[in-house]
Undergrad: 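This structure is in C-alpha cells; I'll ask about it shortly.
Side chains are part of it too, since the values below use all heavy atoms of this structure and drop only hydrogens, waters and symmetry mates.
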Amino acid sequence: FDESLLFYSLEEFDVDEIIRISKGLISHQGASCFLIDTFKSEDNGDAQYVGKMIESTKKLDIFGNKFDVKVICTMQLTPGNEGQKAYLDASCLMDCKSVKTVADLLFMMRKVVNELELDPKNKKYYLQPYKLVKKKRTIPGESSWKEEEITFTEKELEYEYRLVFLNKSRRGQSDLVMLMRFNGVTGRFDEIGLCRRVHRGTIG
C-alpha cells in the first residue's frame, strides 16, 4: 500500500492550506483519507489559541463531511503526563482538550510497562487483559461471545505494547481500553485484546 501514500511537508501549520491541498488530492487523485501530524495551534503564543484550535477542528470536520473523507489528527500529550499518568483522557492533550467536543472519535495512546502491567502477580498494575471468543449459544438471547484471559510467554513479553483508550465515540460504546502489540520497525499495530482495568494514578 506504500504506493497509495503521499507525504506533504508544510513550513508552518495552516489549516486553510491543508484543506486547499487536500481538495486537490481528492479531485485529481481520489484521496479518501488524510492524516495531519501533528495537529496544533497555528500560534501557541496567541491568548486566543484555544478558541482557534476549536475553529480549526471545526473546519476540518466540515471539510471531511462535505467531501466524505476521513480526517485523522494526531496531538501530543502534555509532557507531565508522559510516562506518568496510567489512565489517559482528554485532559492529557498537549494543546487543547476542547477539540473533544468536535471530534467523532478520540483515541489516547501510551506505552505499556510490561514488567508491571502484564504481570498477573502485580495486583496494583495488572491490566487483566482478555479477548472475546465466539461461542455457541445454549440459552436464547444469551451473548454469543465469551471472555478469554490472555497470558503472555517470556518471549511475548519482549515485544512492545501500547494501550489505546477510546475516550469518545459517537458511534457506540466509549471508555474502552485496547491492548495492542507494536512493531516500531514496520510501524504496525496488532490488536491483542481488551483490558478490564487500568490503574488510576501514576505508574511506578
Undergrad: Would you mind reporting whether Pro129 and Phe152 have side-chain heavy atoms less than 4.5 Å apart?
TA: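 Yes - at least one pair of side-chain heavy atoms lies under 4.5 Å apart.
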Undergrad: Would you check if Lys146 and Leu132 make a side-chain contact, meaning some heavy-atom pair closer than 4.5 Å?
TA: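 Sidechains of Leu132 and Lys146: no contact.
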Undergrad: Dump the intermediate steps for side chain to side chain contact (heavy atoms under 4.5 Å, CB included) on Ile203 and Arg110, then the final yes or no.
TA: CA-CA 12 Å; Ile203 301 176; Arg110 70 163 175 83; 3.6 Å; yes
Undergrad: Check this for me, if you would: do Glu191 and Lys131 make a salt bridge, where the nitrogen-to-carboxylate-oxygen distance has to be below 4.0 angstrom?
TA: no
Undergrad: Assess whether atom CZ of Arg170 is packed by more than 12 heavy atoms of other residues, nucleotides or ligands within 6.0 Å.
TA: yes
Undergrad: Check this for me: does any side-chain nitrogen of one of Glu160 and Arg162 sit under 4.0 Å from a carboxylate oxygen of the other?
TA: yes
Undergrad: So that I can tick it off, tell me whether Glu115 and Lys121 are bridged by a salt bridge, with the cut-off set at under 4.0 angstrom between side-chain N and carboxylate O.
TA: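 Result for this pair is no, no salt bridge flagged.
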Undergrad: Hydrophobic clustering (ILVMFWY, side-chain heavy atoms < 4.5 Å, transitive) - are Val99 and Val164 grouped together?
TA: no
Undergrad: Would Ile36 and Thr74 satisfy side chain to side chain contact (heavy atoms under 4.5 Å, CB included), going step by step from the backbone distance to the final call?
TA: CA-CA 6 Å; Ile36 301 172; Thr74 66; over 6 Å; no
Undergrad: To the nearest 0.5 Å, what is the distance between CG on Leu60 and CD1 on Ile18?
TA: 6.5 Å
Undergrad: If only atom types and distance count, is the side chain of Asp61 paired as donor or acceptor with the main-chain N or O of Thr57 below 3.5 Å?
TA: no
Undergrad: To the closest 0.5 Å, what do you measure between SG (Cys195) and OH (Tyr87)?
TA: 10.0 Å
Undergrad: Any side-chain heavy atom of Lys100 within less than 4.5 Å of one from Asn167?
TA: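 A side-chain contact under 4.5 Å exists here.
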Undergrad: Indicate, with yes or no, if Leu194 and Tyr125 share a hydrophobic cluster defined by side-chain heavy-atom contacts under 4.5 Å among Ile, Leu, Val, Met, Phe, Trp and Tyr.
TA: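 Cluster IDs for Tyr125 and Leu194 differ.
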Undergrad: Could you tell me if the side chain of Asp89 sits less than 4.5 Å from the side chain of Met108, heavy atoms only?
TA: no
Undergrad: Find the distance between CG (Asp37) and CD1 (Ile72) and round it off to the nearest 0.5 Å.
TA: 11.0 Å
Undergrad: On the ring face of Tyr161, is Arg181 found with NZ or CZ under 6.0 Å from the centre and within 45° of the axis?
TA: no
Undergrad: Does one hydrophobic cluster hold both Leu77 and Val198, with members joined at side-chain heavy-atom distances below 4.5 Å?
TA: yes
Undergrad: From Leu157 CG over to Lys155 NZ, what is the distance, rounded to the nearest 0.5 angstrom?
TA: 11.5 Å
Undergrad: Determine whether Ile26 and Phe34 make a side-chain contact, defined as any pair of heavy atoms from C-beta on separated by less than 4.5 Å.
TA: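 A side-chain contact exists here, since the closest heavy-atom pair is under 4.5 Å.
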Undergrad: Please report the C-alpha distance between Leu105 and Arg171 in whole Å, then the side-chain angles of each, then the deciding distance to 0.1 Å, and finally whether the side chain to side chain contact (heavy atoms under 4.5 Å, CB included) criterion is met.
TA: CA-CA 8 Å; Leu105 297 168; Arg171 306 174 188 178; 3.7 Å; yes
Undergrad: Measure across Leu118 and Pro120 and return the closest heavy-atom pair with its distance rounded to 0.1 Å.
TA: O-CD, 3.4 Å
Undergrad: With a 3.5 Å distance limit and no angle check, can you tell me whether Lys168 reaches the backbone of Ala103 through a side-chain donor-acceptor pair?
TA: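 Pair found, side chain donor or acceptor close to backbone of Ala103.
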Undergrad: Does Met53 form a side chain to side chain contact (heavy atoms under 4.5 Å, CB included) with Met75? I'd like the steps, not just the answer.
TA: CA-CA 11 Å; Met53 283 282 286; Met75 296 181 70; 3.6 Å; yes
Undergrad: If you compare all heavy atoms of Ser174 against all heavy atoms of Ser169, which two are closest, and at what distance to 0.1 Å?
TA: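 Closest pair (atom of Ser174, atom of Ser169, distance): CB-N, 3.8 Å.
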Undergrad: Nearest 0.5 angstrom please: Gln128 CD to Lys123 NZ, how far?
TA: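 Those atoms lie 8.5 Å apart.
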Undergrad: If I compare all heavy atoms of Val69 with all of Ala31, which pair ends up nearest, and what's the gap?
TA: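 Between these two residues, the closest heavy atoms are CG1-O, 3.8 Å.
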Undergrad: Quick check: do Tyr126 and Arg196 have side-chain heavy atoms less than 4.5 Å from each other?
TA: no
Undergrad: Going by ring-ring contact (aromatic ring centres under 6.0 Å, His included), name the residues that satisfy it together with Phe107, two or more places apart in sequence or in a different chain.
TA: none
Undergrad: Check this for me: Asp68, atom CG, are more than 12 non-hydrogen atoms of other residues, nucleotides or ligands nearer than 6.0 Å?
TA: no
Undergrad: If hydrophobic clusters are built from ILVMFWY residues whose side chains come within less than 4.5 Å, do Leu93 and Phe13 share one?
TA: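 Same cluster: Leu93 reaches Phe13 through Ile, Leu, Val, Met, Phe, Trp or Tyr contacts under 4.5 Å.
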Undergrad: I'd like to know if the side chain of Asn114 and the backbone of Tyr159 have a donor-acceptor N/O pair within less than 3.5 Å.
TA: yes
Undergrad: To the nearest 0.5 Å, what is the distance between CG on Leu106 and CZ on Phe165?
TA: 12.0 Å
Undergrad: Can you find a heavy atom in the side chain of Leu25 that is under 4.5 Å from one in the side chain of Tyr8?
TA: yes
Undergrad: Less than 4.5 Å apart, any side-chain heavy atom of Ser91 and any of Lys85?
TA: yes
Undergrad: So, for Arg20 and Glu17, which heavy atoms are closest and what is the spacing to 0.1 Å?
TA: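 Closest heavy-atom pair between Arg20 and Glu17: NH2-OE2, 2.7 Å.
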Undergrad: I'd like to check the side chain to side chain donor-acceptor pair (under 3.5 Å) partners of Thr38; sequence neighbours left out, ordered by chain and number.
TA: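 If we apply the side chain to side chain donor-acceptor pair (under 3.5 Å) test to Thr38, skipping adjacent residues, there are no hits.
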Undergrad: Can you hop from Ile19 to Phe39 via hydrophobic side chains spaced under 4.5 Å?
TA: yes
Undergrad: Looking at Lys52 and Glu55, is there a salt bridge between them, counting it only when a charged N and a carboxylate O are closer than 4.0 Å?
TA: no
Undergrad: Salt-bridged, Asp16 to Lys59, with N to O below 4.0 Å?
TA: yes
Undergrad: Considering residues at least two apart in sequence or located in another chain, which fulfil the ring-ring contact (aromatic ring centres under 6.0 Å, His included) criterion with Tyr130?
TA: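 In terms of ring-ring contact (aromatic ring centres under 6.0 Å, His included), with neighbours along the sequence ignored, Tyr130 is linked to no residue.
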